[in-house]
Amino acid sequence: RAKSNGRNGVQRFTPELGKRADERLALSRRMRTALANGEFRLDYQPQIDLETNRVTGVEALLRWRDAELGPVSPATFIPIAEENGLIVPIGEWVMQQACFQAQVWQATLPGLRMSVNLSPRQFARGDIVRVIQHALALAQLPAHLLELEITEGALLHLGSLDVLRALRATGIDIAIDDFGTGYSSLSYIRNFHAERLKLDMSFVRGIGVHREDEVITRAILSLGRALGFKVVAEGVETDTQLAFLRRHGCNVVQGYRFARPMQAAEAHNFILQFNEGSLAYS
Ligand code: C2E
Ligand code: MG
Ligand code: MG
Ligand code: MG
């Protein structure tokens, strides 16, 4: 069950952990004290603008290392945190931490944007706008440097789009995460007030392999362009994928081809070097 994955040992446990009820219960119990014990951390994955060949933003990705279990994948613990409600305090911590980090980085990486993932449950609370504004104010981060990543599914659960409207009004950007895997109609997408669509990595993975994935990728890229969205491709791992995305007008890429999610100091060094042009690009 324990699977070593990557040099920093992130995600030693696969999402398989937590499939069984007793495992979920155990994880849920351990999660209750994890925040207070400082077991959470954020990693940051660079996003590269293909027009300028520069890192223009990072996505904050939550990491949990339990004392006994070791690293637990967010794919495993986020759904459990959604269920037991802990996603609310954890999400607030993530927001605050990400805003502080983004603000610190402005000194050496001016204009660098921070993307933060939000789950449906965090929206269900009436005070999400206030929580985010509080985090921005505390960190003294300008709202336009923050982007919220929300999946289509989460958006459909919203009921009302007032929250999105309120967030947009403060200058915060919205990105639709895992785009293409949900059920929203294309015309409805326009109502989400989003700036960016994040093309799901399942399509990216099929580039050069399955014609259907290439067709869908091209369709999403041209749809995005036609409707005025920027498209971010997730999970870009190979030169083939990169060349295809570039050729079809993808705006931004994110993936192991460039960089894995990294701890803050490592991410900072990477971005400085990359933007200086001293890291091989393509
Ligand atoms: P996501 O937001 O779609 O994040 C992208 C996932 O793809 C991340 O997995 C990232 O590490 C991984 N990834 C990036 N590049 C590549 C690549 O080239 N190849 C492959 N195979 N994978 C790549 P991660 O960090 O395990 O996160 C999984 C999911 O957990 C995220 O999907 C997001 O939905 C959720 N999540 C992570 N952090 C947070 C958070 O702070 N709050 C909330 N609510 N959800 C989070
Ligand atoms: Mg995301
Ligand atoms: Mg995604
Ligand atoms: Mg996802």
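First listed ligand is number 1; within each ligand, the first listed atom is number 1.
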Novice: Is the contact between Arg257 and ligand 1 made by the side chain, the backbone, both, or neither, using heavy atoms and a 4.0 Å cut-off?
Specialist: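 No part of Arg257 comes within reach of ligand 1.
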
Novice: Enumerate the residue pairs fulfilling side chain to side chain donor-acceptor pair (under 3.5 Å) with a member in residues 77-101, sequence neighbours excluded, ordered by first and then second residue.
Specialist: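 Every pair satisfying side chain to side chain donor-acceptor pair (under 3.5 Å) with a residue in residues 77-101: Arg24-Glu83, Ser28-Asn84, Glu82-Ser119.
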
Novice: With a 4.0 Å cut-off on heavy atoms, is Glu59 in contact with ligand 1?
Specialist: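 Contact present.
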
Novice: Should you measure from each heavy atom of Ser119, which atoms of ligand 1 turn up under 4.0 Å away?
Specialist: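 Near Ser119, meaning under 4.0 Å from one of its heavy atoms, ligand 1 has 43 (C), 44 (N).
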
Novice: At under 4.0 Å between heavy atoms, is it the side chain or the backbone of Glu234 that contacts ligand 1, or both, or neither?
Specialist: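 Side chain only; the backbone of Glu234 stays clear of ligand 1.
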
Novice: If you look at Asp177, which of its N/O/S atoms is nearest to the Mg ion (ligand 2)?
Specialist: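 Of all N, O or S atoms in Asp177, the Mg ion (ligand 2) lies closest to OD2.
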
Novice: Which of the atoms of ligand 1 are close to Gln45, meaning less than 4.0 Å from one of its heavy atoms?
Specialist: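 Within the 4.0 Å cut-off of Gln45, ligand 1 contributes 14 (C), 15 (N).
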
Novice: Closer than 4.0 Å to some heavy atom of Val94 - which atoms of ligand 1 meet that?
Specialist: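 What qualifies from ligand 1 is 41 (O).
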
Novice: Would you call the rings of Phe77 and Phe40 parallel, tilted or perpendicular if under 30° counts as parallel and over 60° as perpendicular?
Specialist: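 Geometry flag for Phe40 against Phe77: tilted rings.
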
Novice: Looking at the Mg ion (ligand 2), is there an N, O or S atom belonging to Asn117 that lies under 2.8 Å away from it?
Specialist: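 Given the 2.8 Å cut-off, Asn117 counts as a ligand of the Mg ion (ligand 2).
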
Novice: Under a 4.0 Å N-O cut-off, is there an ion pair linking Arg54 with Asp49?
Specialist: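 Salt bridge between Arg54 and Asp49, a charged N being under 4.0 Å from a carboxylate O: no.
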
Novice: Going by heavy atoms, is Met201 under 4.0 Å from ligand 1?
Specialist: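 Yes, that is the case, since the closest heavy atom of the residue is under 4.0 Å from the ligand.
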
Novice: Would you call Lys198 and Glu59 a salt bridge, using N to O less than 4.0 angstrom?
Specialist: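 Between Glu59 and Lys198 there is a salt bridge, with a charged N closer than 4.0 Å to a carboxylate O.
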
Novice: Using heavy-atom distances, let me know which of Val116, Leu62, Val204 sits nearest atom 41 (O) of ligand 1.
Specialist: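 Residue with the shortest heavy-atom distance to the ligand atom: Leu62.
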
Novice: Salt bridge or not for Asp239 and Arg257, using N-O below 4.0 Å?
Specialist: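 Here Asp239 pairs with Arg257 in a salt bridge, since their nearest N and O are under 4.0 Å apart.
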
Novice: Backbone, side chain, both or neither: what part of Gln122 comes under 4.0 angstrom of ligand 1, heavy atoms only?
Specialist: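 The part of Gln122 near ligand 1 is the side chain, not the backbone.
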
Novice: What atoms of ligand 1 come closer than 4.0 angstrom to any heavy atom of Val236?
Specialist: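 Ligand 1 atoms under the 4.0 Å threshold to Val236: 18 (O).
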
Novice: For Glu147, check salt bridge (Lys or Arg N to Asp or Glu O under 4.0 Å) against everything at least two apart and list the hits.
Specialist: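 By the salt bridge (Lys or Arg N to Asp or Glu O under 4.0 Å) rule, Glu147 matches Arg113, Arg196.
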
Novice: Can we say Glu266 and Arg260 salt-bridge, meaning some charged N sits less than 4.0 Å from an Asp/Glu carboxylate O?
Specialist: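 Here Glu266 does not pair with Arg260 in a salt bridge, since their nearest N and O are not under 4.0 Å apart.
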
Novice: Any idea which N/O/S atom from Glu149 gets closest to the Mg ion (ligand 2)?
Specialist: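 Distance check against the Mg ion (ligand 2) picks out OE1 in Glu149.
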
Novice: Can you tell me which portion of Asn117 lies within the under-4.0 Å heavy-atom range of ligand 1? Options are side chain, backbone, both, or neither.
Specialist: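 The part of Asn117 near ligand 1 is both the backbone and the side chain.
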
Novice: Quick check: of its N, O or S atoms, which one does Glu59 have closest to the Mg ion (ligand 2)?
Specialist: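 Looking at Glu59, the N, O or S atom with the least distance to the Mg ion (ligand 2) is OE2.
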
Novice: Which of the numbered atoms in ligand 1 are under 4.0 angstrom from any heavy atom belonging to Arg63?
Specialist: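 Every atom of ligand 1 under 4.0 Å from some heavy atom of Arg63: 11 (O), 24 (P), 25 (O).
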
Novice: Provide the number and element of each atom of ligand 1 under 4.0 Å from a heavy atom of Pro261.
Specialist: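 Answer, ordered by atom number: 11 (O).
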
Novice: Output the list of atoms in ligand 1 that are nearer than 4.0 Å to some heavy atom of Glu237, sorted by atom number.
Specialist: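 So the atoms of ligand 1 that pass are 17 (C), 18 (O), 19 (N), 20 (C), 21 (N).
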
Novice: Which atom, among the N/O/S set of Asp178, is closest to the Mg ion (ligand 3)?
Specialist: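 Output for this pair reads OD1.
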
Novice: Quick check on contacts: which atoms of ligand 1 are under 4.0 angstrom from a heavy atom of Asp177?
Specialist: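 So the atoms of ligand 1 that pass are 1 (P), 2 (O), 3 (O).
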
Novice: In terms of the angle between their ring planes, are Phe244 and His248 parallel, tilted or perpendicular, with boundaries placed at 30° and 60°?
Specialist: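 Plane angle between 30° and 60°, so tilted.
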
Novice: Measuring from the heavy atoms of Glu82, does anything fall under 4.0 Å of ligand 1?
Specialist: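 Checking ligand 1 against Glu82, which is what was asked, there is no heavy-atom contact under 4.0 Å.
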
Novice: Do the side chains of Leu272 and Val58 join up, straight or via other hydrophobic residues, at under 4.5 Å, putting them in one cluster?
Specialist: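 Linked within one cluster.
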
Novice: Quick check: of its N, O or S atoms, which one does Glu234 have closest to the Mg ion (ligand 3)?
Specialist: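 When I compare the N, O and S atoms of Glu234, OE1 is nearest to the Mg ion (ligand 3).
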
Novice: Heavy-atom distances under 4.0 Å are what count here, so tell me which part of Asp178 touches ligand 1: side chain, backbone, both or neither.
Specialist: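 Side chain only.
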
